[in-house]
Asker: 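Sharing a structure here in structure tokens format.
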Amino acid sequence: MSEDAVNITVDGVPMKARKGEMIIRVTDANDVYVPRFCYHEKLPVAANCRMCLVEVEKAPKPLPACATPVMEGMVIRTKSAKAIAAQRSVMEFLLINHPLDCPICDQGGECELQDLAIGYGRDISRYHERKRVVKDKNLGPLVSSDMTRCIHCTRCVRFGQDVAGIPELGTTGRGEHNEIGTYIEASVNHELSGNIIDLCPVGALNSKPFRYRARSWEMTQQPLVSPHDGLGTNLYGHVRRGRLMRVVPRRNDAINETWISDRDRFSYEGVYSADRLQAPMLRDGDSWKSVDWQTALEAVAQGLQQAPKGGTGFLASASSTVEELTLLSRLARGIGSGNIDHRLRQTDFPAAVTPSLGMAVADVDALQALLVVGANLRHEIPLLASRVRKAAVSGAKVSFLNPERFEYLFPVAQYWVASPAQQLAALQVLVAAARGAAAGSEGVTAEHLQVVDSLKSKERKAIWLGALAQRHPAFGALRGLAAELAALTGATLGILAEGANAAGAHLAGAVPDAGALNAGQMLTSSLHSYVLLGVEPQADSLSASAAAAMAGARFVVALTPYASDELKAVATVMLPIGSFAETSGTYVSLEGRWQSFGGAAQPVGESRPAWKVLRVLGNLLGLQGFAQSTSEEVLAEARAAADGAVPQAVPQGGGVAAIAADAAVTDVPLYQIDALVRRAPALQATRDGMQASQGVQGAA
Amino acid sequence: MTGSTSKIGLLNEHTRHEIDSWVARFPEGRQRSAVLSALRFTQEQNQGFLTPDLMEAVAEYLKLPAIQVFEVASFYSMFETHPCGRHHVSVCTNISCMLNGSDEVVAYVEKKLGIKTGESTPDGRIFLKREEECLASCTGAPMMMVDHHFHEHLTPEKIDGVLDALK
């Protein structure tokens with residue numbers, strides 16, 4: 001037994017605890033319940049609600065369990081008369097100014113105050129004076145506020161300070177005038193701000209889009225996985241009568257802890273966008289007619305059979321499931337086409353390597369040195385950025401080599417703003433420095449040496465290539481140099497591909513065969529026909545010629561949840577498929593975690609899960625390997641194929657490609673990355689969303 | 001709203017110099033500890049009250065989020081976040097002063113200045129702050145505080161002398 005351990009007694013039961021640990025951590029670990037409001041496992045201790053008062057022997061007064069460290073021989077009583085009396089008194093104080101408007105409060109039914117009031121509150125209030133009223137704050141389009149309900153636990157304030165890294169909320173005034181608010185009516189803009197909705201133990205901060213939509217007890221809770229980035233964030237979809245009403249975090253300490261990004265939380269609005277495709281549709285000249293599934297699928301089979309061998313291009317969203325991509329890939333190869341890709345925003349296509357973080361997500365917190373090349377990390381994978389922040393705050397040297405300056409709310413060791421051409425040059429210099437070049441030679445400066453030194457000398461280190469690196473005009477050369485630098489310094493190389501299932505797409509074969517066309521080629525020159533899976537070619541790619549390429553094709557099948565104007569202009573057949581919440585499926589995260597989920601909500605209109613559509617299509621075309629009756633069977637086949645695959649290494653070096661000095665890469669705004677977020681009104685109304693739409697209009 | 005333009009220019013040289021000297025008293029990176037002093041000099045510079053622009057200037061100067069400066073400014077009673085007169089007068093009405101006639105003192109001051117507690121004189125000279133709680137000067141009751149200076153054993157004549165001397 002280590003000398004750090006102490007023996008304590010809680011409610012007569014002996015327990016072992018780590019010295020200096022707070023009482024509440026020990027009781028929580030041992031399933032002894034202590035009531036609390038302000039204490040939250042993932043936030044620093046404030047000890048300002050006093051609900052967790054417990055009796056400690058030899059202490060003259062009850063002590064807050066969240067802020068009292070355990071000591072050898074401590075005798076704690078959490079349910080003694082003294083403890084209960086203290087807790088009940090605190091409850092009475094907390095309810096003095098609380099409006100008790102539970103019947104009209106969205107938090108009703110899932111409210112910590114309500115729950116604890118049942119356990120510790122009095123039936124009748126002894127307080128006859130006037131209650132105070134606090135003006136509501138406008139916190140922006142995502143979070144609604146009813147500040148009269150606030151009990152000043154400051155969880156939301158501490159979240160801003162310690163997790164988000166920017167204290168957008170604060171406590172102003174004092175005593176009776178104490179309020180939570182922003183600085184003079186500013187809105188809350190951080191990309192993780194929605195988490196304060198979950199943190200708030202009362203109904204003061206609630207979800208604005210979900211407001212007055214449903215009661216917690218009317219909904220069932222279904223596990224989901226985030227469809228927006230490759231972290232594999234665990235979600236719960238709350239479903240009422242088949243309709244997805246809201247999305248909340250599903251705790252997973254190995255991935256997202258208790259947080260989710262605003263994109264994960266509010267994108268569900270896009271599921272029920274007005275332009276959802278309700279039924280299969282066939283082009284009839286310049287107009288569209290709804291048809292039944294059979295007619296539509298036969299039309300697709302016929303159209304595809306007319307295409308010459310290798311004349312069909314298959315483009316899939318990187319957030320399609322493993323099952324969908326497996327069947328799409330089988331379909332493509334079945335009709336003799338190796339033209340299949342999911343990397344729509346990429347321009348340079350070196351040998352395809354399954355993207356991977358190269359380490360466990362949870363280990364990111366402990367990184368000591370990190371070089372990020374081409375990533376707007378907070379926008380690309382918000383929760384990964386928050387883990388990097390944790391590492392940086394505890395001393396990690398985090399450096400960036402980016403095309404523009406992005407704001408990071410933590411200490412940054414080195415930030416180079418470099419054009420794509422300069423990025424290649426900078427990486428070359430870093431490689432030279434890692435090989436031992438001294439300052440002054442080969443362009444090496446003190447800054448380069450510092451970064452290389454931190455990567456070489458630290459124990460836990462990584463080099464990451466973000467989405468901007470993958471859109472780099474010479475991604476192959478950039479990747480080769482990064483791999484070389486990683487090998488020289490012993491750092492882990494991470495490739496943070498876009499989409500929720502980029503790793504799964506590689507494993508399921510949604511990359512072109514040797515000699516076949518990649519996404520870049522498919523979007524520049526017109527093929528005979530195209531099959532689009534969850535893709536809006538123009539909006540989902542950065543190719544200026546995408547729309548023209550589609551328009552030039554004879555036959556375009558769109559498997560899509562949305563009848564967007566873009567697709568209506570180019571498609572021949574549109575088949576309605578379910579969004580991420582309406583299909584069972586599997587995503588492979590960037591750390592290689594396979595996570596399956598069932599269909600949470602009922603498909604809208606006549607839409608069907610895409611894997612079923614593809615399976616029927618395979619059968620209609622008379623292809624082999626489309627006999628599965630469940631998505632689990634498809635998954636099992638995909639899994640077996642992936643397990644049998646030889647893991648590829650990222651090729652090193654390979655020289656520097658000549659690229660134009662003025663070549664640029666485009667940062668895709670946070671709330672424009674996929675069809676779902678583009679259709680979520682609340683996200684579009686945020687500061688980031690509005691800036692993006694202004695930017696798009698400005699560019700047009 | 002926080003604009004993109006710098007507001008540091010609103011702080012005059014003297015204020016900045018004083019803030020620097022306070023920042024220097026704390027370990028590096030702990031400049032948040034200097035907020036209180038920074039606000040004190042800023043309020044002085046602005047003749048007795050803080051404005052949103054000034055609080056933002058302080059935040060910018062100390063490299064802090066504006067809300068953290070506003071928290072402090074709204075918490076402490078010696079900071080005024082709304083326009084008011086340049087001399088702050090507060091009469092103690094806590095127990096010792098009350099027993100020694102602070103009610104009459106308040107009434108006299110209000111009558112003399114023609115304003116109620118919480119108001120400022122129209123010429124912006126005097127701000128009659130809220131009734132103060134105990135300022136730990138019970139031996140000198142009744143007392144009032146004028147710009148952080150104590151005036152004890154108040155009589156109408158003494159009050160006249162103090163208030164008339166304020167420019």
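All chains are named by letter (A, B, ...) in the order of the sequence lines, taking the proteins before the strands, and each is independently numbered beginning at 1.
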Asker: Select one option (side chain, backbone, both, neither) describing which atoms of A/I166 are under 4.5 Å from chain B's heavy atoms.
Answerer: neither
Asker: Would you say the side chains of A/Y39 and A/N48 form a donor-acceptor pair under 3.5 Å?
Answerer: no
Asker: Assess whether atom OH of A/Y127 is packed by more than 12 heavy atoms of other residues, nucleotides or ligands within 6.0 Å.
Answerer: yes
Asker: Name the orientation class of the two ring planes belonging to B/F41 and B/H14 (parallel below 30°, tilted from 30 to 60°, perpendicular beyond 60°).
Answerer: perpendicular
Asker: With chain B as the partner chain, list the residues of residues 146-161 of chain A whose heavy atoms fall under 4.5 Å from it, by residue number, and write 'none' if nothing qualifies.
Answerer: A/V157, A/Q161
Asker: So, B/E60 side chain and B/K7 main chain: donor-acceptor pair closer than 3.5 Å or not?
Answerer: yes
Asker: Check whether B/Q68 gets within reach of chain A through its side chain, its backbone, both or neither, counting any heavy atom under 4.5 Å.
Answerer: side chain
Asker: Output yes when a side-chain donor or acceptor of A/Q684 lies under 3.5 Å from a complementary backbone atom of A/M690, and no otherwise.
Answerer: no
Asker: Tell me whether B/R32 is salt-bridged to B/E71, with the criterion being a basic N under 4.0 Å from an acidic carboxylate O.
Answerer: yes
Asker: Can you name the closest pair of heavy atoms from B/M144 and B/V91 and give their distance?
Answerer: CB-CA, 3.9 Å
